[in-house]
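Here is the naming used below: chain letters follow the sequence lines, and residue numbers restart at 1 for every chain.
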Amino acid sequence: MAGRVQLSKPNTLWFLSSSSSPLYSLNFRGLHNHNNLNFKNRLHFRPNLVSSSPSRGALYCTCRSPNLSNGEAISDPFVLTTPLYYVNAPPHMGSAYTTIAADAIARFQRLLGKKVIFITGTDEHGEKIATAAAACGSSPSEHCDVISQAYKALWEDLDIAYDKFIRTTASKHEVIVKEFYSRVLANGDIYRADYEGLYCVNCEEYKDEKELLENNCCPMHLKPCVLRKEDNYFFALSKYQKKLEDTLTQNPDFVQPSFRLNEVQGWIKSGLKDFSISRTSVDWGITVPNDVKQTIYVWFDALLGYISALSDEKEQTNLQTALSSGWPASLHLIGKDILRFHAVYWPAMLMSAGLTLPKMVFGHGFLTKDGMKMGKSLGNTLEPNDLVQRFGSDAVRYFFLREVEFGNDGDYSEDRFINIVNAHLANTIGNLLNRTLGLLKKNCQSTLAVDSTIAAEGNAFKDTVEKLVEKARVQYENLSLSSACEAVLEIGNAGNLYMDEHAPWSLFKQGGAASEAAAKDLVIILETMRIIAIALSPIAPRLCFRIYTQLGYSEDQFNAVTWSDTKWGGLKGGQIMAQPKPIFARIEIQKEGEDAVKKK
RNA sequence: GGCGGCGUAGCUCAGCUGGUCAGAGCGGGGAUCUCAUAAGUCCCAGGUCGGAGGUUCGAGUCCUCCCGCCGCCA
C-alpha cells in the first residue's frame, strides 16, 4: 500500500506543551544525574550507575511500599535479565522486543512492591567486535562506546526502566569473570587440549564439517570457514549431563515455555560435548588467568554479566559480594536462538562453580514482518528507532506486547499495527477519558462531586472492574502479557458501554436528581480510568502517566502507585481534573492521490 | 531420516483435561446516537475447525495415515 503516515507528534512531545496544566509540576528533581536537565521527562528511566538506597520517598524505588511496614521479612529481590546484546551492530527489533517485555514485567513487579533489579547491557568482547571496529577505523573500545550508547538511546526512547546496565568491558566484570574462572578451574572442570577444526569468524564458532556448504562455507553467513588449530582451554560440560538432566526433570518450570524445555532435554539427551572457552587468536577480551596468551571465549565471559551487573561500583568487586546483592536471578528473558547457552551451558557453569541456578529461563519467539522472516539480505528489517520515532513508545510497546503471545513467534504488519493501536489506545481508552472529562468540565466545573466509593455504592459496575483487574494481575504474573492487555482493555470496553447505557449527557439536561446521578456516573468512569492507568502502566507507561495527570494527580503520585492502588476508591470528591486533551493521537493513514476517508 | 510444535472466520488468535457440536479482537457491512479523538453503542455477514479414516451415544478436542509450515537433531 503506497501511503504516508503522519507523525504522531502529539504522542511524543506531549510534555513540551503541557505547561498549562495546573497540576503538572515542572520541577525536576534530578537526584542522580547531571545530564538530565532537558524537559523531556522520562518515566522510570534511570541510567543508574550510582546505587541508591531503598527509600520510601525515592522517585522510583518501590521496594518499601507502606504496606510492608508490618514486620514482614524483606523479600528477595526480583532479578530480571535480558541478554547482554552483542555490539557488532546497533539494536534490532528482536532485541527491542525482548527488552520491552522485560520492562513490562519489571514494572509489574515494582507495582507489586517488589524490589526489582532489571539487568540489561552489552556484550563487548570477541573477534567480530575487533573486526567491526577495525573496518571503521576505530579502536574496539571506541566502537563499543558508540554501539552501547545506541542501545541506551533506544532504551530511553522506549521507556525502558532498567536498573543495571552492564558492559562486559567494565573492569568489575573482568574481576568477576576471573574469579569465577578460578573457581571452575579449582573444581577441576577446565582443562587444556588441542582443538582443530573449521572456524567461522562470523559465528565465532568451530563448525562440524558436515554442516558446511561447499567450499566449507558457513550456512548462515555463506563465507568460507578457516581451518584452525588451537591449543585452548575447555570446560567439562559433559561432566554435568546427568546433573542437568535431573535438574530439568525435577524443575520442569526452569525452562519455559514447555516446548522449549523439550528442546533442551533433547539436546542434553543427545550428549553434551565439552566446549572451548578460550582462544589464542583473539586479543579483544579478558585474558585467561595465568595465561596471557589465551583470551576467554565470549559466552564464558558474557553470561557472567548477569552476576557482575549486581556488583556495586563503590565496593571492592568480588564474586561473593556481587552474588549477595541479588543472586540467583528470578528470570532470564531470552530469544529462542540463544536457549542452549542459557539453559545448558550456563547452568553447568554455575554448578561447577558451586553457585545457585537462576529460577527460570524464558525463551520467547521471533518476530516476522508481513509473515516473512526479517533479514538484512531480504531487505525487510524492522528498525525500532524508526518505529518509535513514527508512532511513539506507547504504540510500539502496546502493539508487540498485545499482539504477540509471549513465547510464540509474532508478526508485524503496518496496517495491523495502526488498526490495533488506533482502536485500543485512541478509541477505547483515549476517547473514553476525553468524553468523560468533557462532560465533567461542561457540567461539573471539572470537579468530582463525590468520592468514588460513594458514587459506586450498590453498583455492580465496580465489581466488573475489580474482576477484570484481578484477571489482569493473574495474567501478568503468568507472563501472559497479551492476556493482561486484553483484560485491561475490556475494562475500557465496559466503561464505554456503561456510558452509553447511562447517558449522563442526557441526564444532565434533566436537572435535579438525574443530574446528581449523572455526576456520580462521571466519577465512576473516571475512577475506572484511574484504575486502567495503573493496570496498563507496565505496558504503556507514558500513556498511563498522561491519563493519571489528567485525573488531577502529580508525577510523584503516579510514580508512587502500587498494584494495590487498583482497588476501587482512589478518587475523592472535590478533586479537580485537568482540561480534557487527547492522550493518544490517532495515527492517520493517507493514500497518495486519494482521499481515504470515506465516512458518514 | 528421527523427535517436537503448529495448521480454527479476510487478518491475529482463544477454545487446555471429549458434551449448549465454534468464540474474541482487528478489519468489513448495516442501524443508531451526537457527551466525545469521524468517537460510542447495537446488530449482521463471514468458518470443509488442513485432508481421509477410526474410537465414542457424542470429537475442533482422543487414535491412525496423508498434505503443508516451523524448530531441534542426524
Expressed as a whole number of angstroms, how long is the span from [X]:[atom1] to [N]:[atom2]?
X	N	atom1	atom2	value
I268(A)	rC72(B)	CD1	C1'	13 Å
L497(A)	rU32(B)	CG	C1'	15 Å
Q550(A)	rA36(B)	CD	C1'	13 Å
Q265(A)	rG2(B)	CD	P	22 Å

Modelled atom types, side-chain donor and acceptor of [X] and [Y], under 3.5 Å:
X	Y	value
E490(A)	N493(A)	yes
Q550(A)	K581(A)	no
S238(A)	D274(A)	yes
T99(A)	Y85(A)	yes

Q. Taking for each residue the nucleotide of RNA chain B with the nearest heavy atom, is it G438(A) or N496(A) whose nucleotide lies nearer the 5' end?
A. G438(A)
**Q.** Residue whose nearest RNA chain B nucleotide is more 5′ - M499(A) or N262(A)
**A.** N262(A)
Each nucleotide N or O in nucleotides 25-27 of chain B that has a protein N or O under 3.5 Å away: list the pair and distance.
{"from": "rG25(B)", "atom 1": "O2'", "to": "H424(A)", "atom 2": "NE2", "distance (Å)": "3.2"}
{"from": "rG25(B)", "atom 1": "N2", "to": "R416(A)", "atom 2": "NH1", "distance (Å)": "3.1"}
{"from": "rG25(B)", "atom 1": "N2", "to": "R416(A)", "atom 2": "NH2", "distance (Å)": "2.8"}

(Q) Counting the atoms with a prime plus P, OP1 and OP2 as sugar-phosphate, which does G266(A) contact under 4.0 Å by heavy atoms, base, sugar-phosphate, or nothing? (A) nothing
Counting only side-chain nitrogens and oxygens, does [X] get under 4.0 Å of the OP1 or OP2 atom of [N]?
X	N	value
K336(A)	rG5(B)	no
K269(A)	rC3(B)	no
R340(A)	rC73(B)	yes

Q) When you compare rC26(B) with rA14(B), how far apart are their C1' atoms, in angstrom units rounded to a whole number? A) 15 Å
Q: Take atom C1' in rU12(B) and the same atom in rG46(B), then report the distance between them in whole Å.
A: 16 Å
Q) Should the pair H332(A) and W346(A) be assigned to parallel (<30°), tilted (30 to 60°) or perpendicular (>60°) ring geometry? A) tilted
Q | Intra- and interstrand pairs of RNA chain B - dot-bracket, Watson-Crick/G-U under 3.5 Å, | marks other strand | A | (((((((..((((.....[...)))).(((((.......))))).....(((((..]....)))))))))))).
Q) Should S554(A) and Y548(A) be marked as a side chain to side chain donor-acceptor pair (under 3.5 Å) after you check the CA-CA gap, both sets of side-chain angles, and the distance that decides it? A) CA-CA 8 Å; S554(A) 70; Y548(A) 221 66; over 6 Å; no
**Q.** Contact summary for I531(A) and W568(A), nearest pair of heavy atoms
**A.** CD1-CE3, 3.7 Å
Q: Identify which nucleotide among rC35(B), rA36(B), rG5(B) has an atom closest to any side-chain atom of K509(A), counting heavy atoms from C-beta outward.
A: rC35(B)
Q. Which nucleotide in the list rC35(B), rC73(B), rG4(B) gets nearest to the side chain of W267(A)?
A. rC73(B)
**Q.** ring pair (Phe, Tyr, Trp, His ring centres under 6.0 Å) partner of F341(A), chosen from W267(A), F300(A), W299(A)
**A.** W299(A)
Q. Taking the six-membered ring of F366(A), is NZ or CZ of K336(A) closer than 6.0 Å to its centre and within 45° of its axis?
A. yes
